[in-house]
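Working notes for the structure below.
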2 protein chains.
Amino acid sequence: MALTKTAIVEAAQGILEEYGLADLSMRRVADSLGVQAGALYYHVPNKQTLLAEIADRILADLREVATLPEWAADLRRVLLGHRDGAELVVTTRAMGLGTVDPTGPARALVPAGPGDHVLRTFEHFVLGATLHDQTRAQLVGIGLLAGFDLEEADEAFRSGVDILTRGVGIFIAPVA
Amino acid sequence: MALTKTAIVEAAQGILEEYGLADLSMRRVADSLGVQAGALYYHVPNKQTLLAEIADRILADLREVATLPEWAADLRRVLLGHRDGAELVVTTRAMGLGTVDPTGPARALVPAGPGDHVLRTFEHFVLGATLHDQTRAQLVGIGLLAGFDLEEADEAFRSGVDILTRGVGIFIAPVA
DNA sequence: ACCTGAACACCGTTCAAGT
DNA sequence: ACCTGAACACCGTTCAAGT
């Protein structure tokens, strides 16, 4: 069968889930499809856009939610559900690639104008915290890091969401 | 003069500031020092630890501060002050490398126990937001992205810090 | 139109051999 | 002890040539 963009994206995602982002090369994707690396460039402009396409597929797992904390937890769930999901989405978002905005399901929960700052703040926290925790969790899995517990990190994440929601005053005396 | 670890770290940082993280290769560092790439490995175990050493140097610019929002602004200032500073520090922190904790100057501002969650939450937000903004600012500089304004991003950052400090209630009606 | 084969210009890391 | 030279096992991307 002929090579298609969809087949390439799916093959790339398969390699990502199985071997991780560091081992996801254009040559490996081509190999798994039984073609030469150069052939990919007839269907995909470059590696970055291919990765952005995978990021879009990952973010498609996002569910509808009723509250901001629920949305934060769901975004974290989706990112942790895919190998190197946080790193992929962080990079894609930072470069302005990808078409799926992770704050999408939360848009309806805040007023259009001032709610924007709230959504961006939540997004940066969720991506920052989850990138940190997922990287560490994966290092523990390879035996390159010890003393990190994802359950504890989940607990800290929920505290972070509480702080964003109610302010630091819930944990410490209000600051100037 | 003989090659030293310090000379290698300084040369690497020089290349980072001038050409960026993507162009910072062991071979380039070696070239700039007039040695072969393999020679570096007698003084530095690998590239990651070399990068961690640069991250430590960058975080050494952190000032003493009196409040949490002031510390957040200072960390952002330091990261934006070095090319790819945010990416470098995010990666180094996630992998548990580097010896300088960016929350250091803020430790004295919060109580020992519950203050920890507050610090980590602030750290993840500052790193997440600044990584995002610095990447976009640098893409604008190369002409690969338009419609991003760092002044606006700074403003959004300050709003984010306000939300962390006082809760989302200052921007929108309190959420469940 | 679509793909191969081969090349260009690189990587991080290792290691025998020299000094 | 410290460095060179050369290798190993790769990269992303381009492009003439074939079908």
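The shown structure was predicted, so the numbers you read here are calculated from the model rather than taken from an experiment.
Residue A:Tyr42 contributes atom OH, which lies 4 Å from atom C1' of C:dA1 at whole-angstrom precision. Atom pair B:Leu40:CG and C:dT13:P shows a separation of 10 Å (rounding to whole Å applied). For the pair B:Gln48 CD and C:dC11 C1', the interatomic distance rounds to 14 Å; values are reported in whole Å. Rounded to an integer number of Å, the gap from A:Gln36 CD to D:dC11 P is 13 Å. Atom-to-atom, CG of B:Leu3 to P of D:dA1 comes out at 16 Å; the value is rounded to the nearest Å.
Within the structure, every pair that satisfies the side-chain hydrogen bond (donor to acceptor under 3.5 Å, both in side chains) test and touches residues 145-164 of chain B, not counting sequence neighbours, is listed here: B:Arg76-B:Asp154, B:Glu155-B:Arg158. Pairs passing the side-chain hydrogen bond (donor to acceptor under 3.5 Å, both in side chains) check and including a residue from residues 26-36 of chain B, sequence neighbours excluded, do not occur.
B:Leu75 places none of its side-chain heavy atoms less than 4.5 Å from the side chain of B:Thr103. The side-chain heavy atoms of B:Ile8 and B:Thr4, taken from C-beta on, include no pair separated by under 4.5 Å.
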Could you tabulate the donor-acceptor pairs under 3.5 Å formed by side-chain atoms of residues 115-128 of chain A, not counting sequence neighbours?
from	atom 1	to	atom 2	distance (Å)
A:Asp116	OD1	A:Arg107	NH2	2.8
A:Arg120	NH1	A:Glu123	OE1	2.5
A:Arg120	NH2	A:Asp101	OD2	3.1
A:Thr121	OG1	A:His117	O	2.7
A:Glu123	OE2	A:Arg93	NE	2.8
A:Glu123	OE2	A:Arg93	NH2	3.2
A:His124	ND1	A:Arg120	O	3.2

Determine all donor-acceptor pairs shorter than 3.5 Å in which one atom belongs to a side chain in residues 47-54 of chain A; sequence neighbours excluded.
from	atom 1	to	atom 2	distance (Å)
A:Lys47	NZ	A:Leu24	O	2.9
A:Thr49	OG1	A:Asn46	N	3.4
A:Thr49	OG1	A:Asn46	O	3.0
A:Thr49	OG1	A:Asn46	OD1	2.6
A:Glu53	OE2	A:Lys5	NZ	3.3

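Only the C1' atoms considered, C:dC10 is 13 Å distant from D:dA9, to the nearest whole Å. Nucleotides D:dA16 and C:dC3 are separated by 12 Å at their C1' atoms, to the nearest Å. Atom C1' of C:dA1 sits at a distance of 15 Å from the matching atom of D:dA17, rounded to the whole Å.
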Protein and nucleotides 14-19 of chain D: nitrogen or oxygen contacts under 3.5 angstrom:
none

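Residue A:His43 places none of its side-chain N or O atoms closer than 4.0 Å to OP1 or OP2 of C:dA1.
Contacts between residues 19-35 of chain A and DNA chain D, counted as heavy-atom distances below 4.0 Å, involve A:Leu24, A:Ser25, A:Met26, A:Arg27.
Partners of B:His82 under the ring pair (Phe, Tyr, Trp, His ring centres under 6.0 Å) rule, at least two apart in sequence or in another chain, do not exist in this structure. Judged as a side chain to side chain contact (heavy atoms under 4.5 Å, CB included), and not counting sequence neighbours, the contacts of A:Ala39 are A:Leu3, A:Val35. Qualifying side chain to side chain contact (heavy atoms under 4.5 Å, CB included) partners for A:Leu139, counting only residues two or more places apart in sequence or in other chains: A:Thr135, A:Leu144, A:Leu145, B:Met95. A search for side chain to side chain contact (heavy atoms under 4.5 Å, CB included) contacts involving A:Arg57 returns A:Thr6, A:Val9, A:Glu10, A:Gln13, not counting sequence neighbours. Taking the side chain to side chain donor-acceptor pair (under 3.5 Å) definition, one finds that B:Gln138 meets it with B:Asp84, sequence neighbours left out.
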Intra- and inter-strand pairs of DNA chain D in dot-bracket (Watson-Crick or G-U wobble, both distances under 3.5 Å; | for another strand): ||.|||||...|||||.||
